[in-house]
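One structure is given below, encoded as structure tokens.
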Amino acid sequence: QVQLAESGGGSVQSGGSLTLSCRYTTRTYCMAWFRQAPGKEREGVATIGSDGSTNYADSVKGRFSISQDTAKNELYLQMNSLEPEDTAMYYCTQRPLFFRDCPLAQYAYPSWGQGTQVTVSS
């Protein structure tokens, strides 16, 4: 059973930084972060493959960085220069076993954690 547990959310002012963490039970080829703001659809933020390749949504490029510690089974999202538009619930997820791609699209990820709230004030 896939288990994902996010942590690290909080409230910061515009321009601030936060680091989100996600503990997972089984590593698969692709891990990802998504977010969902009130009244909006869930959107992809960043993905990372087992080969270290990364992909980011245009809105976070240059500000966010995804990484993982495979020895600890932990995924991270370093968020810098936060903006009020980044306010959302952030979720980690993973591509099912046997898939070797990392699309930044919700349909590709069937399992989700409970999420961690990030609030950025102006």
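The figures here come from the full heavy-atom set of this structure, side chains too, leaving out hydrogens, waters and symmetry mates.
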Worksheet item: Does Arg63 CZ have over 12 foreign heavy atoms under 6.0 Å away?
Response: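 Count over threshold, so yes.
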Does the side chain of [X] reach to within under 4.5 Å of the side chain of [Y], using non-hydrogen atoms?
{"X": "Ser121", "Y": "Ser11", "answer": "no"}
{"X": "Gln106", "Y": "Tyr91", "answer": "no"}
{"X": "Arg35", "Y": "Thr87", "answer": "no"}
{"X": "Val118", "Y": "Met79", "answer": "yes"}
{"X": "Ser50", "Y": "Arg100", "answer": "no"}

If you look at every heavy atom in [X] and [Y], which pair is closest and at what distance?
{"X": "Tyr76", "Y": "Gln68", "answer": "CD1-CA, 4.1 Å"}
{"X": "Ala108", "Y": "Pro96", "answer": "O-CD, 3.6 Å"}
{"X": "Pro84", "Y": "Ser122", "answer": "CG-CB, 3.9 Å"}
{"X": "Thr70", "Y": "Tyr24", "answer": "CA-OH, 4.2 Å"}
{"X": "Ser53", "Y": "Tyr29", "answer": "OG-OH, 4.4 Å"}
{"X": "Ala32", "Y": "Thr47", "answer": "CB-CG2, 3.8 Å"}

Which distance, rounded to the nearest 0.5 Å, do you find between the [atom1] of [X] and the [atom2] of [Y]?
{"X": "Leu104", "Y": "Phe34", "atom1": "CG", "atom2": "CZ", "value": "5.5 Å"}
{"X": "Arg27", "Y": "Leu97", "atom1": "CZ", "atom2": "CG", "value": "10.5 Å"}
{"X": "Lys61", "Y": "Tyr56", "atom1": "NZ", "atom2": "OH", "value": "10.5 Å"}
{"X": "Leu75", "Y": "Ser21", "atom1": "CG", "atom2": "OG", "value": "8.5 Å"}
{"X": "Met31", "Y": "Thr54", "atom1": "CE", "atom2": "OG1", "value": "14.5 Å"}
{"X": "Ser14", "Y": "Leu82", "atom1": "OG", "atom2": "CG", "value": "8.0 Å"}

Worksheet item: Counting distance only, does the side-chain N/O of Asn73 pair as donor-acceptor with the main-chain N or O of Thr25 below 3.5 Å?
Response: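 Indeed, once roles are kept as given, a pair shorter than 3.5 Å links the two residues.
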Worksheet item: Quick check: does any side chain N or O of Thr116 sit under 3.5 Å from a backbone N or O of Tyr90, one acting as donor and the other as acceptor?
Response: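 No, the answer is negative, given that no donor and acceptor are paired below the 3.5 Å cut-off.
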Discussion item. Quiz question: by atom type and distance under 3.5 Å, do the side chains of Gln78 and Thr19 form a donor-acceptor pair?
Written reply: yes
Practice prompt. Could you tell me if the ring centre of Trp33 sits under 6.0 Å from that of Phe64?
Written response: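 So the answer is no for these two rings.
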Item to complete: Go through Leu4 and Gln94 one step at a time and tell me if the side-chain contact (heavy atoms from CB on, under 4.5 Å) criterion holds.
Response: CA-CA 9 Å; Leu4 303 155; Gln94 60 186 162; 4.1 Å; yes
